[in-house]
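Both backbone and side-chain heavy atoms feed into the values below; hydrogens, waters and symmetry mates do not.
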Amino acid sequence: MNPDAASQAPPDRMRPWRYLWRIPLLVLHVLFGVLICAAVLSWSQGVMKDGREPFGHRTIRLWSTWLLRIFGFRSRRFGKPLADPVLFVANHTSWLDIEVLHSQRAACFVAKAEIAGWPLVGWMAARGGTIFHRRGSNHSLASVMQVMVERLRGGRSVAVFPEGGSGYNGVLRVFHARIFQAALDAEVPVQPVALRFARNGQRVIDVGFREGESFMGNFLRILGEAPLDAEVHFLEPVPASPDARRRMAEASRARIEQSLGPVPAAAGAGEPA
């Protein structure tokens, strides 16, 4: 959404009231998340058997669903996720993307190394099986790839954002092909996942970071927004191409782009209903 358009939008008179009840619920939910990490994820890190999710996975999905509800998002699933192990590749719109996908399917995520140092969040992410990557480091990427292959061969699913970072204004960036090698080495399928925010069926692109917006600024803005749908579209798997990782990356991107639909006009994209 264009900042100028945002300034011209009518004031959202419900925003203060949303903060009034969402902030206390968020604090309680985070405290509950600490208990989950300490009690459940410490011993329950199993894999799916006969298509059934282990208790730890169901707990992660439930916690993520509740977190999204506190922020005003209703999680909706389209399509069917493959059973473990699988490499999920998704578009990257917001810091909420991990929770959006986790609300429908638990997986080990690859995330930037800075998150590991965040108070509480880093600890919870580590307990949830997150694989941390230091951007711009080939050595780090090689280590991440090795861990991904080990997790996949061990029967666990891994989720990645092949764009390498979140973009602006709903634009889908180029997918990095090297990350697909993990699926080839582990001999597991690749399933594209389109993460889409919508209101009344219309795509909303203003959930992600605006240019120059800080994490805390985005956090507080989204916390006060009017309700939205957080859609998770599980798409058809991409055929393995051992001789063409780039082909797999382009095919995944094309399917996600088609599922997301056209980028809406900037004006009014994120206005409250």
Side-chain angles (χ1 to χ4, degrees), residues 41 44-58 60-61 77-92 97-98 100-102 104-113 125-135 137-164 172-195 232-259:
L41 298 183
S44 180
Q45 295 183 358
V47 298
M48 296 179 71
K49 294 182 179 180
D50 300 323
R52 294 184 177 182
E53 289 181 298
F55 178 67
H57 285 199
R58 296 196 299 271
I60 290 173
R61 289 201 297 107
R77 186 179 75 184
F78 299 83
K80 184 177 180 180
L82 298 178
D84 287 338
V86 56
L87 178 65
F88 294 112
V89 293
N91 59 301
H92 200 8
D97 290 342
I98 291 179
V100 172
L101 183 49
H102 264 168
Q104 299 298 334
R105 186 69 155 76
C108 303
F109 271 86
V110 176
K112 62 183 181 179
R127 297 307 307 169
T130 300
I131 305 169
F132 296 108
H133 166 52
R134 190 168 301 281
R135 293 176 182 175
S137 170
N138 289 330
H139 175 72
S140 174
L141 181 57
S143 299
V144 166
M145 294 284 288
Q146 181 179 355
V147 175
M148 288 175 60
V149 172
E150 291 174 354
R151 297 276 178 89
L152 292 168
R153 286 177 175 170
R156 303 184 69 181
S157 290
V158 176
V160 297
F161 301 116
E163 294 172 271
L172 191 62
R173 302 194 297 184
V174 174
F175 279 17
H176 297 288
R178 184 177 177 182
I179 205 77
F180 288 80
Q181 187 63 45
L184 296 173
D185 291 345
E187 299 182 338
V188 301
V190 174
Q191 185 172 29
V193 183
L195 305 180
V232 184
H233 297 255
F234 292 97
L235 310 175
E236 286 297 316
V238 172
S241 300
D243 59 337
R245 296 178 307 190
R246 171 51 54 192
R247 188 180 308 162
M248 297 174 66
E250 291 175 350
S252 298
R253 184 185 182 281
R255 293 185 184 186
I256 291 174
E257 185 174 39
Q258 182 179 17
S259 182

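- The side-chain contact (heavy atoms from CB on, under 4.5 Å) test applied to Pro81 returns Arg77, Phe88, Arg105, Gln191, Phe234, not counting sequence neighbours.
- Residues meeting the salt bridge (Lys or Arg N to Asp or Glu O under 4.0 Å) test with Arg245, sequence neighbours left out: none.
- Two residues are said to be in side-chain contact when any heavy atoms from C-beta on lie closer than 4.5 Å; Val188 and Val86 fail this criterion.
- In terms of the side-chain contact (heavy atoms from CB on, under 4.5 Å) criterion, residue partners of Ala182 (sequence neighbours excluded) are, by chain and number, Met145, Met148, Val149, Leu152.
- Here the CD1-OG distance, from Ile179 to Ser252, works out to 12.0 Å after rounding to the nearest 0.5 Å.
- Here CG of Asp185 is found 6.0 Å from CZ of Arg153. Values are rounded to the nearest 0.5 Å.
- Under the rule for a side chain to side chain donor-acceptor pair (under 3.5 Å), Glu163 has no partner lying at least two apart in sequence or in another chain.
- Remark: Glu187 pairs with no residue by the salt bridge (Lys or Arg N to Asp or Glu O under 4.0 Å) rule, at least two apart or across chains.
- Taking the side-chain contact (heavy atoms from CB on, under 4.5 Å) definition, one finds that Val147 meets it with Ile131, Arg151, sequence neighbours left out.
- The side chain to side chain donor-acceptor pair (under 3.5 Å) search around Arg61 returns Glu53, not counting sequence neighbours.
- Summarising the geometry of Pro239 relative to Met248, their closest heavy-atom pair is O-CG, 3.7 Å, with the distance given to 0.1 Å.
- In this structure, the separation between CD on Glu250 and CD on Glu257 is 11.5 Å, given to the nearest 0.5 Å.
- The two residues Ala107 and His102 come nearest to each other via the heavy atoms O-NE2, 2.9 Å.
- Listed by chain and residue number, nothing satisfies the ring-ring contact (aromatic ring centres under 6.0 Å, His included) test with Phe180 (two or more places apart in sequence, or in another chain).
- Listed here is the closest heavy atom pair of Ala194 and Ser259: CB-OG, 3.6 Å.
- Aromatic ring orientation, Phe161 versus His92: parallel (interplanar angle below 30°, classes split at 30° and 60°).
- For Ala240, the side-chain contact (heavy atoms from CB on, under 4.5 Å) partners at least two apart in sequence or on another chain are Leu184.
- Within the 4.5 Å cutoff, the side chain of Leu195 has heavy atoms near those of the Val232 side chain.
- Atom CG of Asn91 sits about 11.5 Å away from atom CZ of Arg173, to the nearest 0.5 Å.
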